[in-house]
Amino acid sequence: MQWYEIRGGHRLDGTVSVHGAKNSVLPILCATLLNSGVSVIHNCPRLSDVEASVAILRHLGCQVDWEGDTVCVDATVVQRSDVPEHLMREMRSSVIFLGAILARTGEAVVSMPGGCELGPRPIDLHLAALERLGAEVAVQGGNLLCRGGRSLRGTEISLSLPSVGATENALLCACGAEGTTILQNAAREPEIVDLVRFLRSLGADIRGEGTSTLRIEGNHPLHSGEHTVIGDRIVAATYLSAAASAGGEVYLTGVDPEQLTTVTALLRDAGAEVRREPGAVWMRCEGLPHSVGPVRTSPYPGFPTDAQPVLMAALCRSRGTTMIVETMFENRYRHVDELRRMGADILVVNRVALITGVERLHGAPVEAHDLRGGGALAVAALGAEGVTQLSGLHHIRRGYASLPEDLRALGAEIRWRQGETTEGA
Ligand code: UD1
């Protein structure tokens with residue numbers, strides 16, 4: 001068993017450069033399949049989900065090389081149309097390969113993605129969008145079969161909710177369809193904007209990124225291209241929450257503060273001083289944070305569901321009571337029981353969590369059950385007295401490429417350990 005040993009109670013001071021965004025790089029790696037040439041992608045974080053995407057690309061026949069944080073995908077030859085089950089299971093977002101493989105090879109076979117730690121995550125909107133574009137979708141023996149990729153036709157698609165994944169799948173598939181696709185109620189997340197900019201670097205004709213309507217001129221000839229992935233706004237939100245939890249003064253570079261406004265506005269309400277600069281954000285937080293007004297997670301530009309756990313962790317030590325309403329995923333409070341083990345006072349009723357701030361948290365053996373829940377436990381541990389043993393690191397490595405290194409650079413005491421925790425877990 002592996003865990004992080006975190007000795008809390010140190011202020012966090014210093015500068016950290018935030019790595020590239022997981023939720024950008026994953027669909028961008030899928031999109032490299034559309035171009036039968038070379039895609040050079042800079043600022044690629046070395047995450048286990050990224051390694052899984054690279055394994056899928058290699059399985060399909062692409063040549064993929066790393067040089068530092070640059071990944072080079074040569075998709076000149078794509079020999080297969082399937083994603084093996086073990087890679088599908090490793091990473092739920094591998095479902096985004098569906099639209100890209102279909103557009104590139106004419107058919108795609110993937111195993112049905114299971115539910116995940118955040119509760120059931122249906123893909124009905126993904127499949128309906130592909131069908132609207134002319135794909136035939138069938139389920140056979142637990143596999144999802146998509147055919148008809150050679151006769152895809154641009155059309156109007158209206159998503160019933162602005163799903164990030166369905167927007168990406170529809171967008172990638174529409175790039176391979178004949179004619180114009182108008183995608184209504186599309187997700188507006190910065191990672192969608194980044195994906196469109198990457199596709200444009202390959203020569204794709206797409207307009208409207210960052211708005212609810214995307215217009216895609218399909219079957220545009222694509223060529224080799226180069227792109228730099230945006231900084232990870234959720235990693236940035238985690239480090240800001242860590243500084244609110246432990247107190248301190250941090251300067252984060254490599255991230256666009258405009259993509260963090262809902263998070264920094266709440267941290268300001270909690271008493272932090274925040275300064276936004278082009279490509280960087282500075283924050284100082286002294287003393288216990290205050291409670292903040294009700295927080296509702298919602299699609300961008302609303303408060304991100306991925307930042308909910310880390311903000312909650314920062315507010316466990318605070319003055320007053322904060323209400324959080326999680327509207328996006330039904331099973332996104334799995335970190336709460338673990339936070340309670342550290343002395344947090346949190347009441348959960350369905351999708352509502354009431355966090356009554358306490359003055360002190362104490363270290364405890366805790367386990368991450370999902371990625372951002374793991375980030376939240378690290379945030380709480382940094383503000384707690386004594387030692388926390390944080391296990392479940394495979395979840396954390398899906399989205400944080402350098403959590404202990406970055407936190408140590410800010411003065412935190414965090415070490416990687418292997419063996420048995422004191423709990424004998
Ligand atoms: C992406 C992000 C994830 C983030 C989420 C919401 C990636 C790799 N992951 O996940 O980190 O938390 O956006 O910002 O980018 N839904 C349906 N049917 C569908 C698709 C979605 O009902 O076919 C529902 C989901 O159950 C959920 C909501 O739509 O309640 C939003 O999900 P979606 O935006 O699709 O999230 P993901 O793309 O899975």
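What you are looking at is a predicted structure, and each value in this text was computed from that prediction instead of being measured. First listed ligand is number 1; within each ligand, the first listed atom is number 1. When a residue number appears, it is its place in the shown sequence, counting from 1.
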> Does Arg351 make a cation-pi contact with Phe329 (under 6.0 Å, within 45 degrees of the axis)?
Replying inline: no
>> Considering Ala21, Ser163, Pro162 one by one, which has a heavy atom nearer to atom 35 (O) of ligand 1 than any of the others?
In response: Ser163
> Relative to ligand 1, is His126 under 4.0 angstrom through side chain, backbone, both or neither, heavy atoms considered?
Replying inline: both
> Quick one: do Arg332 and Glu330 make a salt bridge, cutoff under 4.0 Å?
Replying inline: no
> Between Asn23 and ligand 1, is there a nitrogen or oxygen pair with a distance under 3.5 Å?
Replying inline: yes
> With distance as the sole criterion, is a donor-acceptor pair present between the side chains of Gln308 and Asp306 under 3.5 Å?
Replying inline: no
>> Assess, by modelled atom type and distance only, whether the side chains of Asp194 and His227 contain a donor and an acceptor separated by less than 3.5 Å.
In response: yes
>> Please classify the Phe329 to ligand 1 contact at 4.0 Å (heavy-atom distances, strictly less than): side chain, backbone, both or neither.
In response: side chain
> Judged by non-hydrogen atoms, does Pro122 sit under 4.0 Å from ligand 1?
Replying inline: yes
> So, Arg275 and Glu277, do they make that salt bridge, N to O below 4.0 Å?
Replying inline: yes
>> Does this structure show an ion pair linking Arg188 with Glu209, if we count only N-O contacts that are shorter than 4.0 Å?
In response: no
> With side chains defined as the heavy atoms from C-beta onward, is the minimum distance between His335 and Met312 less than 4.5 Å?
Replying inline: yes
> So is there a nitrogen or oxygen of Glu168 less than 3.5 Å from a nitrogen or oxygen in ligand 1?
Replying inline: no
> Given that the side chain starts at C-beta and the backbone is N, CA, C, O, which of these parts of Asp306 lies under 4.0 Å from ligand 1, counting heavy atoms, or is it both or neither?
Replying inline: side chain
> For ligand 1, which atoms have a heavy atom of Leu125 less than 4.0 angstrom away?
Replying inline: 18 (N), 19 (C), 23 (O)
> For ligand 1, is Glu191 a contact, meaning one of its heavy atoms is under 4.0 Å away?
Replying inline: no
> Looking at Arg332, which atoms of ligand 1 are within less than 4.0 Å of one of its heavy atoms?
Replying inline: 12 (O)
> For ligand 1, is any non-hydrogen atom under 4.0 Å from Leu161's backbone (N, CA, C, O), its side chain (CB onward), both, or neither?
Replying inline: side chain
> Does NZ or CZ of Arg46 come closer than 6.0 Å to the centre of the six-membered ring of Trp66, within 45° of the ring's axis?
Replying inline: yes
> Is the shortest N/O to N/O distance between Ala166 and ligand 1 below 3.5 Å?
Replying inline: no
> Under a 4.0 Å heavy-atom limit, does Thr305 contact ligand 1 with its side chain, its backbone, both, or neither?
Replying inline: side chain
> Hey, are Arg147 and Glu107 close enough for a salt bridge, meaning a charged N less than 4.0 Å from a carboxylate O?
Replying inline: yes
>> Out of all atoms in ligand 1, which are within 4.0 Å of some heavy atom of Gly165? Include the element for each.
In response: 35 (O), 38 (O)
